[in-house]
Participant: 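Mind looking over this structure? Questions follow.
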Protein chains: 2
Amino acid sequence: MNLPPLVQGFVLHFGEMGSRWGLNRTLGQMYALLYVSPQPLNADEITEKLGISRSNVSMGLRELQAWRLVRLEHHPGDRREYFSAPQDVWAIFRTLAEERQRREIEPTLSMLRDALLETVETDEEKHAQARMGEMQALMEQLTTWFTEMNRLSPETLTRLMAMGSRVAKLLELKDRLRTRSG
Amino acid sequence: MNLPPLVQGFVLHFGEMGSRWGLNRTLGQMYALLYVSPQPLNADEITEKLGISRSNVSMGLRELQAWRLVRLEHHPGDRREYFSAPQDVWAIFRTLAEERQRREIEPTLSMLRDALLETVETDEEKHAQARMGEMQALMEQLTTWFTEMNRLSPETLTRLMAMGSRVAKLLELKDRLRTRSG
DNA sequence: ATGAGATTTCACTGATTACTGAAAGTTCAA
DNA sequence: TTGAACTTTCAGTAATCAGTGAAATCTCAT
């Protein structure tokens with residue numbers, strides 16, 4: 001691995017975490033490298049800096065693109081493909097959250113929707129179906145909420161988040177106003 | 001596998017998803033089984049219903065307890081240990097979110113905090129460090145917000161979530177009130 | 001059309017992770 | 001204190017997943 005110490009530590013950490021995040025080591029390392037790189041890199045540069053095989057880089061780049069975590073660009077007069085990670089951390093967070101939603105939540109939601117349509121006979125199955133209903137309700141609620149929040153600007157989100165649990169106070173305030181005027 | 005069709009489908013699906021969620025197949029299946037079970041189960045019952053080895057169940061149960069996803073209880077006059085999944089889906093969601101926070105976010109945050117304390121020389125490293133700073137800022141913000149939200153009751157959270165992006169309206173309302181009174 | 005530069009595919013191998021069965025450990029009643 | 005009931009540990013094996021290199025494919029400039 002051919003990197004300054006600070007960057008190397010970051011890249012190795014992301015490699016380790018990669019597996020916990022449903023990616024794999026190489027993917028984590030590649031992403032970390034692109035994230036801190038001052039300019040886009042081509043596949044050979046990544047190969048060289050990480051000390052892994054060219055083909056591994058090729059596969060990794062495809063997967064990172066599928067995650068929408070890296071962007072492909074071309075430089076005039078250069079046939080090679082260059083890759084960069086989007087700079088806006090909020091955008092990255094949203095992408096990540098959307099992709100996880102799509103990969104981890106949606107399949108389960110659709111399984112649950114199907115399961116809830118089945119007609120069942122035994123008490124055991126009825127109980128199971130009721131539990132699935134609770135799970136589905138919460139997941140739908142979270143999904144809807146998440147979609148809505150994703151429409152807000154980073155500024156608005158930052159303000160909302162900065163308020164933390166004090167947003168609950170706003171609800172009381174709203175209730176009071178409504179009561180007064182209603 | 002020795003289960004009614006509806007339950008079996010649910011259990012198998014969670015087995016598949018288990019890996020995407022950083023668990024593994026068996027863990028997913030065991031959790032799903034306990035989640036829909038009308039009463040707590042002991043290790044032998046789980047072994048029998050899932051058709052896996054007794055030792056695998058034993059290890060799986062330890063891990064599910066480490067995730068705080070199942071609870072151990074004893075029945076009077078029975079030496080065996082019984083396991084159940086908490087019933088409250090909100091509680092489950094919080095537990096899951098907290099554990100993922102602990103396993104997936106915190107290690108990265110502490111790595112970033114360390115990296116940001118280093119003194120670096122080259123422009124490349126300075127750029128990398130700046131990028132790490134951005135990442136750290138967002139992660140701290142999200143972490144703080146999440147901790148705060150976790151204090152709210154499910155009722156409050158449900159109300160807030162039901163408002164969706166209309167919470168942003170509350171901010172405007174608040175601004176107006178402050179302007180008027182300030 | 002040709003071939004040099006660039007990228008991708010894929011069968012194989014190496015590494016990691018999950019699962020099992022046998023043995024050891026624990027707990028408790030008699 | 002013995003042993004029956006129950007649980008855990010762990011070494012070995014099976015299954016899965018990641019990474020490589022050679023070959024195939026793609027893509028332009030000539």
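What you see below is based on every heavy atom in this structure, not just the backbone, and it leaves out hydrogens, waters and symmetry mates. Please read these numbers as outputs of a predicted model, since none were measured by experiment. Order of the sequence lines sets the chain letters (A, B, ...), proteins ahead of strands, with each chain counted from 1.
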Participant: Could you tell me which residues satisfy side-chain hydrogen bond (donor to acceptor under 3.5 Å, both in side chains) with B:Thr147, sequence neighbours excluded, listed by chain and number?
Facilitator: none
Participant: Does any pair with a residue in residues 112-121 of chain B pass salt bridge (charged side-chain N to carboxylate O under 4.0 Å, His left out), and if so which ones, sequence neighbours excluded?
Facilitator: B:Arg113-B:Glu140
Participant: What residues from residues 26-44 of chain B pass a heavy-atom cutoff of under 4.0 Å to DNA chain C?
Facilitator: B:Thr26
Participant: Could you list, one pair per line, each protein nitrogen or oxygen that sits under 3.5 Å from a nitrogen or oxygen of nucleotides 20-25 of chain D, together with the distance?
Facilitator:
unit_1: D:dT20; atom_1: OP2; unit_2: A:Ser53; atom_2: N; d: 2.9
unit_1: D:dT20; atom_1: OP2; unit_2: A:Ser53; atom_2: OG; d: 2.9
unit_1: D:dT20; atom_1: OP2; unit_2: A:Asn56; atom_2: ND2; d: 3.2
unit_1: D:dG21; atom_1: N7; unit_2: A:Ser55; atom_2: OG; d: 3.0
unit_1: D:dG21; atom_1: O6; unit_2: A:Ser55; atom_2: OG; d: 2.8

Participant: Applying ring pair (Phe, Tyr, Trp, His ring centres under 6.0 Å), which residue pairs with at least one partner in residues 49-76 of chain A are found, sequence neighbours left out?
Facilitator: A:His75-A:Tyr82
Participant: Taking side-chain hydrogen bond (donor to acceptor under 3.5 Å, both in side chains) as the definition, give me every residue that meets it alongside B:Arg62, ordered by chain and number, with sequence neighbours left out.
Facilitator: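 For B:Arg62 there are no side-chain hydrogen bond (donor to acceptor under 3.5 Å, both in side chains) partners, ignoring immediate neighbours.
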Participant: Restricting to side-chain hydrogen bond (donor to acceptor under 3.5 Å, both in side chains), what partner residues turn up for A:Arg54, sequence neighbours left out?
Facilitator: A:Asp44
Participant: For B:Arg94, which residues count as a side-chain hydrogen bond (donor to acceptor under 3.5 Å, both in side chains) partner, sequence neighbours excluded?
Facilitator: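 Testing B:Arg94 for side-chain hydrogen bond (donor to acceptor under 3.5 Å, both in side chains), a comparison that skips the adjacent residues, returns none.
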Participant: Identify the pairs formed between an N or O of the protein and an N or O of nucleotides 26-30 of chain C at a distance under 3.5 Å, and give each distance.
Facilitator:
unit_1: C:dT27; atom_1: O2; unit_2: B:Arg79; atom_2: NH2; d: 2.7

Participant: Just grab all the salt bridge (charged side-chain N to carboxylate O under 4.0 Å, His left out) pairs involving residues 149-167 of chain B, residues at least two apart or on different chains.
Facilitator: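 Only A:Asp175-B:Arg159, B:Glu148-B:Arg151 qualify under salt bridge (charged side-chain N to carboxylate O under 4.0 Å, His left out).
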Participant: So if I define the base as every atom that isn't primed, P, OP1 or OP2, how would nucleotides 12-17 of chain C read as a B/S/- string at a heavy-atom cutoff under 4.0 Å?
Facilitator: ------
Participant: Throw together a table of side-chain donor-acceptor distances under 3.5 angstrom for residues 14-22 of chain A, partners on residues two or more places apart or in other chains.
Facilitator:
unit_1: A:Ser19; atom_1: OG; unit_2: A:Glu16; atom_2: O; d: 3.0
unit_1: A:Arg20; atom_1: NH1; unit_2: B:Arg103; atom_2: O; d: 2.8

